[in-house]
Number of protein chains: 2
Amino acid sequence: MTEEILDKKACVAAMLPVTDALEVLRGKWKLAIIVSLLHGTKRFGQIAADIPKVTDRMLSKELKDLEMNHLVKRTIHNTFPVTVEYSLTEHGQTLRGIITELRIWGQAHRDHIIAKQ
Amino acid sequence: MTEEILDKKACVAAMLPVTDALEVLRGKWKLAIIVSLLHGTKRFGQIAADIPKVTDRMLSKELKDLEMNHLVKRTIHNTFPVTVEYSLTEHGQTLRGIITELRIWGQAHRDHIIAKQ
DNA sequence: CAGTATCCACAGTGATACTG
DNA sequence: CAGTATCACTGTGGATACTG
């Protein structure tokens, strides 16, 4: 087997889980929702209040996606009117490290780009 | 100032650099290109060979984006026909940690999701 | 070899109005 | 309160053909 093929295989194999991770976090509001929920359990309206400009439709959709990926837990309370609580699952909490890394790198990148101008 | 407002401000401030980071990595092929270049300096065609199904148009576009963000360096050689080399800048190399984190988390996520089924 | 030009399809998002 | 329904728009990405 030639070296290029090995390289290609290694490249593809290395990408798969990275792509998986990005797929899950994809969507304009997903990270914002997770960051909001890192501060604790919240209701639909409270998350909306945390995130400027998100619409009900998008918040609802993104929360559903996150729930499907077992990152967010949805709890319905039989009050009237109905209240719904959202919280991060244990698995969702494991994103904290990545978010911290992204924040540090993003800040460094911003500094870097500004310095070049 | 009420606690909710503080929470909201903290949430927004915490999100900004995270969003910046994701913005830079956004695009279907950007991570794949970076992973490819983590293996060393490559020519246009070599990157294309590393990444199955990417088209010339998209590869060209994504490389331009990465170059604008100072993550990739483009070097033209006056051979005939012309050859072009791409490599990660020092700044681009700093993504290695994030990519590793994403890979680890992505693998864990895949295991987690499979376990739930 | 390393791209560019053109056209097109569709996923993602926004705006607005409505509901149990 | 916590959503859903509908419509409209826009950008991203694919296919194909062409070029210095």
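The chains referred to below are lettered A, B, ... by the order of the sequence lines, with proteins before strands, and numbering in each begins at 1.
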Rounded interatomic separation in angstrom, taking [atom1] from [X] and [atom2] from [N]:
{"X": "A:Leu22", "N": "D:dT12", "atom1": "CG", "atom2": "C1'", "value": "16 Å"}
{"X": "A:Lys61", "N": "C:dT13", "atom1": "NZ", "atom2": "C1'", "value": "9 Å"}
{"X": "A:Phe44", "N": "D:dA2", "atom1": "CZ", "atom2": "C1'", "value": "6 Å"}
{"X": "B:His77", "N": "C:dG3", "atom1": "NE2", "atom2": "P", "value": "12 Å"}
{"X": "A:Gln46", "N": "D:dG3", "atom1": "CD", "atom2": "P", "value": "13 Å"}
{"X": "A:Arg26", "N": "D:dG11", "atom1": "CZ", "atom2": "C1'", "value": "12 Å"}
{"X": "B:Glu23", "N": "C:dG12", "atom1": "CD", "atom2": "P", "value": "16 Å"}
{"X": "A:Lys53", "N": "C:dT16", "atom1": "NZ", "atom2": "P", "value": "13 Å"}

>> Checking the side chain of A:Thr100 only, and the main-chain atoms of A:Arg96 only, is there a donor and an acceptor separated by less than 3.5 Å?
In response: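 Side chain of A:Thr100 to backbone of A:Arg96, a donor-acceptor pair under 3.5 Å: yes, one is there.
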> Does D:dG11 have a Watson-Crick or wobble mate here (both distances under 3.5 Å), and if so which one?
Replying inline: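 Check on D:dG11: paired to C:dC10, both distances under 3.5 Å.
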> Given that both distances must come in under 3.5 Å, which nucleotide forms a Watson-Crick or G-U wobble pair with C:dA17?
Replying inline: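 Across all strands, the one nucleotide that pairs with C:dA17 is D:dT4.
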> Do you know which of B:Thr89, B:Leu88, B:Thr41 makes side chain to side chain contact (heavy atoms under 4.5 Å, CB included) with B:Lys73?
Replying inline: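 So the option named by the test is B:Thr89.
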>> Can you work out whether A:Lys64 or A:Pro81 has the more 5'-proximal nearest nucleotide on DNA chain D?
In response: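 First, find each residue's nearest nucleotide; the 5'-ward one identifies A:Pro81.
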>> Looking at D:dT4, I'd like to know if its phosphate oxygens (OP1 or OP2) sit under 4.0 Å from a side-chain N or O belonging to A:Ser60.
In response: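 Checking A:Ser60 against D:dT4: at least one side-chain N or O falls below 4.0 Å of OP1 or OP2.
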>> If the cut-off is 4.0 Å, is A:Tyr86 near the phosphate of D:dG3, judged by side-chain N/O to OP1 or OP2?
In response: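 Indeed, a polar side-chain atom of A:Tyr86 lies that close.
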>> Angle between ring planes, B:Tyr86 versus B:Phe44, binned at 30° and 60°: parallel, tilted or perpendicular?
In response: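 Because their plane-to-plane angle lies in the 30° to 60° range, the rings of B:Tyr86 and B:Phe44 count as tilted.
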>> If you go through the side-chain atoms of A:Arg57, does one of them form a donor-acceptor pair with the base of C:dG14 closer than 3.5 Å?
In response: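 In this structure, the two groups form a donor-acceptor pair.
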>> Both A:Gly27 and A:Asp56 contact DNA chain C. Which one's nearest nucleotide lies toward the 5' end?
In response: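 This one resolves to A:Gly27.
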> For DNA chain C, whose closest nucleotide is more 5', that of B:Leu63 or that of A:Val82?
Replying inline: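 By nearest-heavy-atom nucleotide position, the 5'-most residue is B:Leu63.
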> Which of these nucleotides, D:dG14, D:dA2, C:dA15, is closest to any side-chain atom of A:Thr55?
Replying inline: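 The answer is C:dA15, which lies nearest to the side chain.
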>> Which heavy atom of B:Val82 sits nearest to which heavy atom of B:His77, and what is that distance?
In response: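 Taking B:Val82 first and B:His77 second, the nearest heavy atoms are CG2-O, 3.5 Å.
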> With distance as the sole criterion, is a donor-acceptor pair present between the side chains of B:Asp50 and B:Gln46 under 3.5 Å?
Replying inline: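 B:Asp50 vs B:Gln46: no donor-acceptor pair found between side chains.
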